[in-house]
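Sequence lines set the chain letters: A, B, ... in the order given, protein chains first and strands last, and positions in each chain run from 1.
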2 protein chains.
Amino acid sequence: MRPTVHDIAAAAGVSLATVDRVLNQRPGVRLVTREKVEEAIRQIGYIRDVAAANLAKGRVYPLVFIVPTGDNSFMHGLRSEVHHATLRAGMERTDIRIIEVPAFDVPALVAALDALQGQDIAGVALVATDAPEVRAVVDRLVSERIPVVTLVSDLTDSTRHHYAGIDNIAAGRTAARLLGRFLGGREGDLTVLAGSMLVRDHRERLQGFSAVMAAEFPKLRLLPVLEGRDDPERTKSLVSKVLFENKDIIGIYSLGAGNRGLIAALRAVRPARELTVVAHELTQHTRAALIDGTIDAVLNQDAGHEVRSAIRVMKATADGQAVIADQERIRLDIFLKDNLP
Amino acid sequence: MRPTVHDIAAAAGVSLATVDRVLNQRPGVRLVTREKVEEAIRQIGYIRDVAAANLAKGRVYPLVFIVPTGDNSFMHGLRSEVHHATLRAGMERTDIRIIEVPAFDVPALVAALDALQGQDIAGVALVATDAPEVRAVVDRLVSERIPVVTLVSDLTDSTRHHYAGIDNIAAGRTAARLLGRFLGGREGDLTVLAGSMLVRDHRERLQGFSAVMAAEFPKLRLLPVLEGRDDPERTKSLVSKVLFENKDIIGIYSLGAGNRGLIAALRAVRPARELTVVAHELTQHTRAALIDGTIDAVLNQDAGHEVRSAIRVMKATADGQAVIADQERIRLDIFLKDNLP
DNA sequence: AAATTTCTGATTTACGTACATCAGAAATCG
DNA sequence: CGATTTCTGATGTACGTAAATCAGAAATTT
């Protein structure tokens, strides 16, 4: 059987109470004694039974998720996944609070984070807007030993403990290669559709996409980026307009949300125009478009995985426990019509 | 706080002992009383604290993994992942035993499963060879209330509780579309390289691949399947030979293991022959080939995820607990050179 | 050396559940 | 109806850890 606190006490020749003081870094232990105990812990390879400890402490993990409002499908799915996690709260000893903040609204996000100051919180997960003010609050929370995890969108140069999201540069590069290869050496124009260049994930996707296109697909020319602000109506008119004005367009990369508008615009010109399309985020709309051939590939990040991963990481960080790094790597999913879940 | 056994006792107007008898289906409770207690449990929404119960019971989960011997990279990686899981045994209350059985050896697999009869085991995970004899033993284990999970390769029509692996038909279809689209409307021959048509996963990949090719890429002709038996040397000579004899080959789908031989054969004819190649399983060899352009896409299943998922499912099944279905779906990973982990 | 202050040990209770024992109540049987 | 048999309650111990209390030992200061 694995060693317990009693074994430590016996091995170190001290009492249970002293072992407890060392383990829970309570005061009242001389340095030499503390080292003796720590040596014994190492010697016999003690590992704390977290379950028993949590039982004794009556531990719950008060977690906060800060997610943007807005009606785009991805964020809707994300909120729904967090909600699902709250249903498992009983089993997982979590107590999850969801705070909604207007998308891209830096002051609001900062205010929400600020309000957490001094509260008894075992972790914060936030969809970060990449601004210095946000970084400042996050760094302060970290310095107060509150586990912070960025979700979906990361925060440049911050000290957040973990990022639960995909590598967006790699996503952009992958989109470029898929589009490039699917177009099989043809020559023509490509249009890129983004939500907003203000968010880091969109910038990074574009960056990766442009890099691969420039280096490996010289026959494909990138048109100026269209910013649809994740708004279906606006997106639809932007796409319709550019398709009408430029007959050399043979491919589209949609790296943001608001694909409803894109799909509507595409359906309006099909099948006369033959276009190869790669989009982000698997939703009911992109799924349908994939099946009927309007879209050729969808890159996706699994919101459920991201939320569950964020929870595991926050709990582990709060306990000073190690995580299985491999398990927490969020993968870029590539969906063709054949491997839809 | 969430309700406990005491709350049930109070609500049902019975004693703790009686609640315990009902919860652990021990004898000595009248039907009416039992129903009264069960009603109370439902009423107050009691959920057993598994951690506390395991602590009280001193529960460990003795799990058995049956994996094939053989030196192909994928199985090597799988064994290594199971081994990693044994290192976490302390934290997870698991006690994992690894049994190695010669690949494709049905009697040996059956014997290994038979030997588990009557042993105190909380679950079995096996890489199934799809044979009626195997199904029979598995069904017997299931009828003895031992959780059984198939790993990587499933068992047709068996009653196994769960399959921790990818949808191989979908994988084959995806490979076909990638290859077809990457070849961008060109005409020519394709060669398919399998390990053995005796294993279900290989058959299914071929099935999916052939279906999509026939339906959507009529200009691409499938040559007879080459069986490399997952052996690098044999694979290398088979591929070299077919490439030499047939100059119309423009694409290759390698759906089994033993890609070392394939890659060697491809490097020998590069860059004179321009070939589009899709292979399975990300290993150090296929990774290198992806980076240098010898292979265009790699389809992969994450062995680490499969093993961890199998463990979670076996534990949950042993406890009669529900699993998060979404979390246990093993996804098909598609790797291009741009999204390598 | 005495008076403090700082450590350490011993002991107890608790967390939520499992499991065992024994006495007493209720139901069933003859 | 009494004698069984079957159920139920009361109680205690255990799992591994946390946390509190209090007495006593050791170190430090005066």
Please determine whether a side-chain nitrogen of the Lys or Arg among Asp319(B) and Arg48(B) lies less than 4.0 Å from a carboxylate oxygen of the Asp or Glu.
no

Of the listed dG16(C), dA18(D), dA18(C), the closest approach to the Arg26(B) side chain comes from dA18(C)

Reckon Thr18(A) has a side-chain N or O less than 4.0 Å from the OP1 or OP2 of dG9(C)?
yes

Select base, sugar-phosphate, or nothing to describe what Gly28(B) touches, counting heavy atoms under 4.0 Å on all strands.
base

If you look at every strand shown and take non-hydrogen atoms under 4.0 Å, does Asp49(A) touch a base, only sugar-phosphate, or nothing?
sugar-phosphate

Taking any heavy-atom pair under 4.0 Å as a contact, classify Ala17(A): base, sugar-phosphate, or nothing.
base

How does protein contact run along nucleotides 25-30 of chain D, one letter per nucleotide 5' to 3', with B for base contact, S for sugar-phosphate only, - for none, heavy atoms under 4.0 Å?
--S---

From the options dA14(C), dG9(C), dG9(D), select the nucleotide whose nearest atom is closest to the side chain of Arg21(B).
dG9(D)

Hey, does Val50(A) reach any base, or is it just sugar-phosphate, or nothing, if we go heavy atoms under 4.0 Å?
nothing

Could you list by number each residue of residues 3-12 of chain B showing a heavy-atom separation from DNA chain C of less than 4.0 Å, or answer none if no residue does?
Thr4(B), Val5(B), His6(B)

Which nucleotides of DNA chain C pair, in dot-bracket form (Watson-Crick or G-U under 3.5 Å, | meaning another strand):
||||||||||||||||||||||||||||||

side-chain hydrogen bond (donor to acceptor under 3.5 Å, both in side chains), paired with Glu328(B), selected from Arg312(B), Arg308(B), His305(B):
Arg312(B)

From dG16(C), dA10(D), dA10(C), pick the nucleotide closest to the side chain of Ala52(B)?
dG16(C)

Selected nucleotide, minimal atom distance to Ser15(A) side chain, candidates dA10(C), dG9(D), dA18(D):
dA10(C)

Over all strands shown, is Asn24(B) touching base, sugar-phosphate only, or nothing at heavy-atom distances under 4.0 angstrom?
sugar-phosphate

Would you indicate which nucleotide in dC19(C), dA18(D), dT17(C) comes nearest to any side-chain atom of Ala53(B)?
dT17(C)

Mind checking Asn54(B) for me? I need base, sugar-phosphate or nothing, with any heavy atom below 4.0 Å counting as a touch.
nothing

Salt bridge present between Asp7(B) and Arg2(B) (N-O < 4.0 angstrom):
no

